[in-house]
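Each chain gets a letter, A, B and so on, in the order the sequences are listed, and its residues count up from 1.
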Amino acid sequence: MDTIKVEKKWQDFWDKDKTFEVKNTGVNPYYILVEFPYPSGSGLHVGHVRSYTAQDAIARMKRMQGYNVLFPMGWDAFGAPAERYAIRNHIHPKEAVKENVKTFKGQMKKLGFSFDWSREFSTTDPEYYKWTQWQFLQFYKNGMAYKDTIPVNWCPQCKSVLSNEDAAGGVCEQCGSQVVQKEKSQWMLRMSDYAEDLLTGLDDTNFAEKVKLGQINWIGKSKGAHVNFKIDGYDKEFTVFTTRCDTLYGATYCVLAPEHEYVDEITTEEHKAEVAAYKAECALKNDMERTELNKDKTGVFTGAYAINPVNGEKIPIYISDYVLASYGTGAIMAVPAHDERDYEFAKKFNIPIRQVIAKNIVGTGDNAIKEGKKMTERQVVNVIIKHPTEDKYLLVNNKKFNWFTFVMGGIEGDETATEAGIREVIEETGYTDITIEKEMEFIYYDNFYAAHKDVNRHITCHTIVGHLNSLDSTERSEEEKDIADVLWVDKDKLMSTLTTEAHRYDAERMLNGEGAYVDDGIHVNSNDLDGLNKQESIDKMINWLHEHKCGEAKVNYKMRDWIFSRQRFWGEPIPMINCPKCGWVPMDEADLPLLLPDVAEYEPTDDGESPLAKITDWVNCKCPKCGGDARRETDTMPNWAGSSWYFLRFMDAHNSDSFAGMDAMKYWGKVNWYNGGMEHTARHLLYARFWVQMLYNFGLVPNKEMIDIRVSHGMILGSNGEKMSKSRGNVINPDDIVSEFGADTLRVYEMFIGDYQQDASWSTDSLRGCKRFLDRIERIGEKLNDKKGYTDEVLAHKTIKKVSNDLVTLKYNTAVSALMIMLNEYEKFEDGISRDDYRLILTLLNPMAPHITEELNEMYNLGEVLCKSKWPEYDDSKIVLDSITLGVQVNGKLRGTVTVSPEASEDEIKTQAFEDENVKRHTEGKEIVKVIVIKGKIVNIVVK
RNA sequence: GCAGGUAUGGCGGAAUUGGCAGACGCGCUAGACUUAGGAUCUAGUGGAGUGAUCCGUGCAGGUUCAAGUCCUGUUACCUGCACCA
């Protein structure tokens with residue numbers, strides 16, 4: 001078959017027939033959406049083909065099933081690449097976009113996607129961005145847009161503001177020079193106001209779980225408290241955000257972000273120079289550098305002290321860039337004992353570390369508390385002693401209970417842990433030449449049954465670490481010798497030798513180094529909180545803070561307001577006017593769209609303003625309020641703006657009175673099924689949902705969430721398993737594949753390539769396999785017979801069911817495989833296949849290979865064109881087989897099979913199973929313990 | 001570091017959700033038809049063994065009559081986020 005000719009023929013037919021154009025009327029509306037592409041200069045990618053084909057297949061099937069399917073396509077054409085291209089080639093970006101759109105559209109048509117082209121638009125069309133601007137004005141008028149001064153990435157060489165992506169690694173992507181931070185006034189949208197709504201709104205969607213998770217992580221909700229700290233010697237206080245106000249008694253210093261507003265004021269005279277230097281150093285670093293230098297904490301002391309509200313203690317105030325000005329309040333209380341970052345900082349600056357939580361180990365198993373035994377309180381010391389010359393540790397082995405532990409014992413009277421520890425080592429092991437190095441944080445060993453004393457215990461367990469200077473020793477008492485042996489154990493055998501959890505925990509802390517203890521436990525050194533766990537303490541502390549007016553419960557979100565300005569030419573102009581008298585004034589809505597002017601130069605200005613700033617005719621205007629001279633905003637909107645509502649426009653693409661009519665939006669309801677790349681699931685989806693929620697709150701859209709199902713496809717990688725890129729030389733151009741193998745082959749192959757949501761590597765060999773499959777589909781047409789109906793009813797209905805279900809559960813690969821199996825079966829039919837057989841396989845294959853199936857359907861005169869035919873329905877009762885084969889296992893190993901009718905009783909199946917020769921061999925002479933029959937699945941005979 | 005994902009023949013991947021592991025495709029082997037084969041058709045194809053059989057789903061345990069699937073621990077790779085208090 002001449003695929004080029006045939007495919008063209010059907011594409012022309014669909015065009016002329018307007019087969020896929022839909023009206024906003026009729027029953028069963030169904031809206032299928034794929035992310036519209038950025039029409040780049042390099043043309044369509046095989047990755048696009050994957051997701052477009054998948055959605056196209058669903059669209060085609062749904063139409064045949066009687067749905068009114070909206071499957072639109074358009075262009076997300078604003079953005080930096082088009083602008084860069086324009087700068088280089090001195091042509092207007094809209095010309096470049098026109099060219100690229102032509103290429104993309106041509107490629108899409110050649111692939112036979114069933115888009116409704118009557119609704120096509122580009123975000124760069126004035127008729128479209130008019131409404132993007134109009135919506136911005138609604139945001140502004142409702143107080144959701146404001147101006148603020150924030151730092152941006154600035155390339156001094158290109159004299160241009162860079163996005164975080166373009167400034168990756170602190171280096172300008174274009175020229176390679178060092179990026180610096182520069183303060184700029186920017187339009188912002190109050191997205192953080194919607195954090196909670198964006199979180200709860202997820203419940204009204206059917207996004208894939210991992211997509212939801214991406215949204216949740218991005219929003220980054222955390223519950224905690226604000227705590228106010230007075231500054232010693234000032235009538236001033238600052239507020240910190242903490243999720244762990246329960247550890248307030250362990251706060252031994254505070255840290256302000258270097259940008260914190262109080263820093264200059266509270267810094268004492270002798271620290272001024274140091275603080276100023278540190279601040280200057282931080283200002284030079286951008287976010288990337290700050291995080292890169294994370295390995296080592298830096299900071300300086302301000303000389304000032306804060307007062308801890310719970311105990312009145314004076315604690316030093318430091319500044320450090322590990323505290324971010326942009327999160328929380330830009331200030332923290334530091335609890336080194338129970339926060340890893342604080343711990344690291346405290347170690348480096350020699351700040352006290354105060355334990356306020358003790359790990360609590362509860363006895364389990366043999367150590368679990370025993371009913372009716374006395375509960376006793378004990379202070380215990382565990383002693384970790386290192387060998388004087390070898391890398392070994394001193395253990396004792398209690399013979400009666402076969403316990404392996406460090407030396408341990410009770411602390412008597414007013415002994416310190418160290419004194420008790422030394423005493424116990426001498427008593428239990430005889431070694432006398434002991435040096436104790438340190439005491440670790442203590443732990444509780446709660447509700448634990450001590451078998452050797454036959455009592456229940458609540459132990460406070462102090463752990464000290466030391467070494468022997470020599471093996472000098474005294475004779476142990478006979479009593480001690482009876483109780484326990486002394487042994488030295490290698491470092492790496494330690495963990496597996498120790499028999500109690502408390503000792504293993506000690507060993508781990510000692511070997512891996514101590515750090516902050518961040519888990520739950522029992523509070524200590526915390527007055528009223530002592531004895532409480534984490535949650536209890538948090539609740540109690542929040543009450544206390546509230547009562548004493550020095551803090552309150554507080555929820556914080558990672559998500560910040562949306563920076564909505566770009567200093568770029570190729571974006572939607574922001575329709576705002578700056579009047580010297582009236583300030584910022586929105587443009588009159590009747591004057592929209594505010595068109596992008598035609599200019600000759602697209603380079604940004606020297607001070608980083610958008611190129612629009614240079615066009616004085618355009619910039620200078622009259623204030624809509626007072627009529628005086630005023631200037632337009634020269635910043636443009638970000639690329640994300642146009643794509644935040646395009647799916648609404650598709651519902652009513654030609655509406656000139658509004659961005660989309662309420663009736664049209666109500667008719668289509670939500671986007672039923674939205675597909676896009678994993679890389680967009682976090683940001684694009686969040687922006688779009690935020691945008692829609694605002695519109696909803698202004699009464700402009702019918703639903704708070706406008707997208708129901710969201711799925712993401714995996715990437716198509718090069719044949720070497722790496723991402724396709726020109727530099728790697730592994731790019732596959734879909735055009736080449738279409739002209740050599742045909743669009744249908746490419747479509748079927750990309751559906752068959754593997755799990756849709758997983759990445760997959762390109763394989764031209766595998767592609768050939770799909771070509772062979774389609775060739776065989778064509779060839780079997782020569783074996784048509786005159787019989788009526790399906791030759792194999794079971795096969796027919798089974799396959800209808802499989803394909804119908806697989807297409808809507810993203811299992812395209814097994815749908816194709818089911819059709820391959822069907823064809824394999826057809827080829828085995830001795831008298832050829834019936835016309836109904838052929839029509840069936842062509843229909844089922846049509847969503848994936850629409851051209852060849854239409855052609856064969858027409859060639860053999862099998863019926864109406866497939867795209868207007870009805871999708872076949874399956875009948876479960878026809879899938880029932882006359883007989884089924886069950887595996888027979890003996891002790892879980894397959895030994896034979898039985899073939900029985902589906903209605904066979906358990907006894908019949910059992911009887912037959914035992915008749916199998918091989919089963920007999922494995923069961924003869926053995927005791928039958930149990931026979932398990934799972935109807936329709938398996939028989940398992942358990943023998944001894 | 002945190003979060004998520006993945007791991008099954010020579011390769012891409014199936015497995016009705018705990019029930020005959022390796023469907024389907026590629027590749028490979030042998031044969032047929034051919035002047036020819038990167039066409040087509042037939043047979044075979046996880047490993048070891050002549051065989052009965054044994055071993056096999058990253059690794060180590062566990063639960064179960066039965067584990068790729070469930071539980072505990074662990075390793076490697078991929079993708080996000082990254083000092084989020």
Nearest-angstrom distance, [atom1] atom, [N] to [M]:
{"N": "B/U17", "M": "B/G13", "atom1": "P", "result": "23 Å"}
{"N": "B/C11", "M": "B/G58", "atom1": "P", "result": "13 Å"}
{"N": "B/G49", "M": "B/A43", "atom1": "P", "result": "27 Å"}
{"N": "B/A21", "M": "B/G5", "atom1": "P", "result": "28 Å"}
{"N": "B/U8", "M": "B/A15", "atom1": "P", "result": "15 Å"}
{"N": "B/A76", "M": "B/G25", "atom1": "C1'", "result": "28 Å"}
{"N": "B/G12", "M": "B/C65", "atom1": "P", "result": "36 Å"}
{"N": "B/U34", "M": "B/C28", "atom1": "P", "result": "24 Å"}

Item to check | Plane angle bin for A/His713 and A/Tyr756 - parallel if under 30°, tilted between 30 and 60°, otherwise perpendicular | outcome: tilted

Contact class for [X] (heavy atom, under 4.0 Å): base, sugar-phosphate, or nothing?
{"X": "A/Gly769", "answer": "sugar-phosphate"}
{"X": "A/His922", "answer": "sugar-phosphate"}
{"X": "A/Asp342", "answer": "nothing"}
{"X": "A/Leu213", "answer": "sugar-phosphate"}
{"X": "A/Asp775", "answer": "nothing"}
{"X": "A/Asp806", "answer": "nothing"}
{"X": "A/Thr885", "answer": "base"}
{"X": "A/Ile932", "answer": "base"}
{"X": "A/Lys811", "answer": "sugar-phosphate"}
{"X": "A/Asp759", "answer": "sugar-phosphate"}
{"X": "A/Gln758", "answer": "sugar-phosphate"}
{"X": "A/Leu894", "answer": "base"}
{"X": "A/Ser222", "answer": "sugar-phosphate"}
{"X": "A/Lys801", "answer": "nothing"}

Next on the checklist: Taking A/Ser763's backbone N and O only, do any of them form a donor-acceptor pair with A/Tyr749's side chain (distance below 3.5 Å, no angle check)?
Outcome noted: yes

Any Lys/Arg nitrogen of [X] or [Y] sitting under 4.0 Å from an Asp/Glu carboxylate oxygen of the other?
{"X": "A/Arg772", "Y": "A/Asp775", "value": "no"}
{"X": "A/Lys920", "Y": "A/Asp916", "value": "no"}
{"X": "A/Glu827", "Y": "A/Lys783", "value": "no"}
{"X": "A/Lys798", "Y": "A/Glu825", "value": "no"}

Among [options], the nucleotide that comes nearest once only the side chain of [X] is considered:
{"X": "A/Asp755", "options": "B/G25, B/A14, B/C54", "answer": "B/A14"}
{"X": "A/Asn918", "options": "B/G25, B/A85, B/U53", "answer": "B/U53"}
{"X": "A/Ser766", "options": "B/C26, B/A85, B/C24", "answer": "B/C26"}
{"X": "A/Gln889", "options": "B/C54, B/G19, B/G25", "answer": "B/G19"}
{"X": "A/Lys937", "options": "B/G19, B/G25, B/A14", "answer": "B/G19"}

What does [N] pair with, Watson-Crick or G-U, if both distances are under 3.5 Å?
{"N": "B/G4", "answer": "B/C78"}
{"N": "B/C28", "answer": "B/G44"}
{"N": "B/G18", "answer": "none"}

Checklist entry - So which one's nearest nucleotide on RNA chain B is more toward 5', A/Lys558 or A/Glu740? => result A/Glu740

Next on the checklist: By nearest heavy atom, map A/Asn940 and A/Gly887 onto RNA chain B; which one lands nearer the 5' end?
Outcome noted: A/Gly887

Item to check | A/Arg776 side chain near B/U40 phosphate (N/O to OP1/OP2, under 4.0 Å) | outcome: no

Next on the checklist: So, does A/Arg895 get its side chain near the phosphate of B/A66, meaning an N or O under 4.0 Å from OP1 or OP2?
Outcome noted: no

Next on the checklist: Any donor-acceptor pair under 3.5 Å linking the side-chain atoms of A/Ser222 with those of A/Tyr557?
Outcome noted: no

Checklist entry - Between atom CG in A/Leu686 and atom P in B/C81, what is the gap in whole Å? => result 13 Å

Item to check | Atom-to-atom span, CD of A/Glu340 to P of B/C2 - whole angstrom | outcome: 8 Å

Checklist entry - On the ring face of A/Tyr322, is A/Lys297 found with NZ or CZ under 6.0 Å from the centre and within 45° of the axis? => result yes

